[in-house]
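So you know, we letter chains A, B, ... as the sequences are listed, proteins then strands, and number each from 1.
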Amino acid sequence: MLRVENLNSWYGASHVLQDIGLEVNKGEIVCLIGRNGAGKTTTLKSIIGLLDKTSGSVTFKGKEVLGQPAHVRFALGLAYVPEERRIVQGLTVRENLRLGLVASPDKKDEVRRIAQIAEIFPRLAERLDQEAVTMSGGEQQMLAIARAMIAKPDLIMLDEPSEGIMPVLVDEMFELFRRMKSEGTTVLLVEQNVELALDIADRAYVLDQGSVVHHATAAALLANDEIKERYCSV
Amino acid sequence: MSGLSFDLIALQLFTGLALGAIYVLFAIGLSLIFGMLTVVNFAHGAFYMVGAYVGLFLLSLGGNFWLCLVAVPLIVGTSGLIVERFLIRPLYGRGIDYPLLLTFGLSYVMVELIRIAFGKSGYPFDTPEILQGAVNIGVGYFPLYRLFVIGIAAVVLLGLWLFLERTSFGLIIRAGARDPQIVRVLGVNVSRVWLFVFGIGSGIAGLAGLLAAPLQGVIPEMGATILAEAFVVTVVGGMGSIGGAVIAGLLVGVVVSMTSLFAPEMAKVSIFALMAIVLLIRPQGFFGRAGLMS
């Protein structure tokens, strides 16, 4: 579904990603792990189209998307939940959800779609008309995921969804990822909590200093303490 | 005696609101364009001036004022679209100073073109006949045209508010002013939104110029004065905030007209004194976000 080959990215003059290659198949949960600064976030940003300077190839559903603006990639079914949630200040929960639909052809269905998503996220259902930034960090993260999911993307990329969130909500969220997978959504996950991530993932790529240094099934990586120790310990 | 001075103050308050209405119309566009595009638009005053001249030109062709009220914002707004699309868009991503310098130069070009076409000296601009005269507003007789200006500003603001609050496009603008990147990854083609915002802002500036014309006449330099005052309005109200522009615009109008009642020579200075006081107490303005410029 998603194939990344020889991806190179730059922030200004600094060459951040070197020849990244990875693949995500339909229905999989694939995880990117590695230390802070290993290039995980930059990889996601390059795939969604938020970096100006990139080279190589990113194909999604068989189409080359590198060089296309972010909104075109979204239209193909690629969704992205950035770090730190990025819930828009001044908007209610409902307006944040509507924002997830503004570019979608399902816009006419707005009311029904919001009702559907509220069923999946009961915490949001109770707070639809509340200003979104007044919710707890975990609830805001749920909203960020719901906002990306509401347009029914084929692949969703999540950057550090568990960061700074109460453990009970983290469990709830990972339960949700399992459910998304069982309903056919493909997930590319960046996560600091390696054990938790490998527990739900099918496969994982280990990144270090802007390159992929290891690639294995999640089960194999879970058992490989040496790799985890070397590339993932903080 | 005290009753008389109360009426005088009340009338002067209304005069201030009419002046403030022009500031508000001018400043909301300036503020919206800055908030979304991070373009400090030094050509905004030139669009205002062009609005007055387009009105003058249409009247000389035999059009009436009511036609101008519709045609001027459309014509000036369209020229704003062209400026954004072909001059400003290539400069995005290069830092705040590039579009600032471009629009600064553009304002000189626009003023010079108007001088070539219409001459260096100004023109009077007749108040439309039906809006001449004064009406009793309870505290005394007040010029009908100024009431009309307040009314038009209220209608434009209400329309803009409904548009921003009730439509999907308005939702995109409100969200994009806070976080353009998140709007992009939710599938919005932001360059189209920016184009549209610049067009709307320019169109409303043109309308403000047309409305101001009967009050002060029309000269090629009329945009420069209001631009300086409108920057005060946006700084006081908070850069990027529409609500802030409305409240600060009215406040600045009232402060100017009140000081010109009690100490006319202080009227122009009073605006900047107000700005200094607000900045000392609240550096980000009434509704501004701290650190927007950093």
Handout entry: Minimal non-hydrogen separation, A:Leu99 against A:Val102, with atom names
Key = O-CG2, 3.1 Å
Exercise for the section: Scan side-chain atoms only and decide if A:Glu160 and A:Asn193 contain a donor-acceptor pair under the 3.5 Å cut-off. Expected result: no
Exercise for the section: Could you tell me whether B:Arg174 and B:Glu165 make a salt bridge, using a distance below 4.0 angstrom between a side-chain N and a carboxylate O? Expected result: yes
Problem - A:Pro69 versus chain B, the contacting section by heavy-atom distance below 4.5 Å - result: neither
Completion exercise
Assert top hit (heavy-atom pairs under 4.5 Å, partner chain B, pool A:Leu50, A:Leu91, A:Val72) equals A:Leu50
Handout entry: Validation row: A:Thr43, A:Leu17 side chains within 4.5 angstrom (heavy atoms)
Key = yes
Handout entry: Heavy-atom contact with chain B under 4.5 Å, split by part of A:Arg73
Key = neither
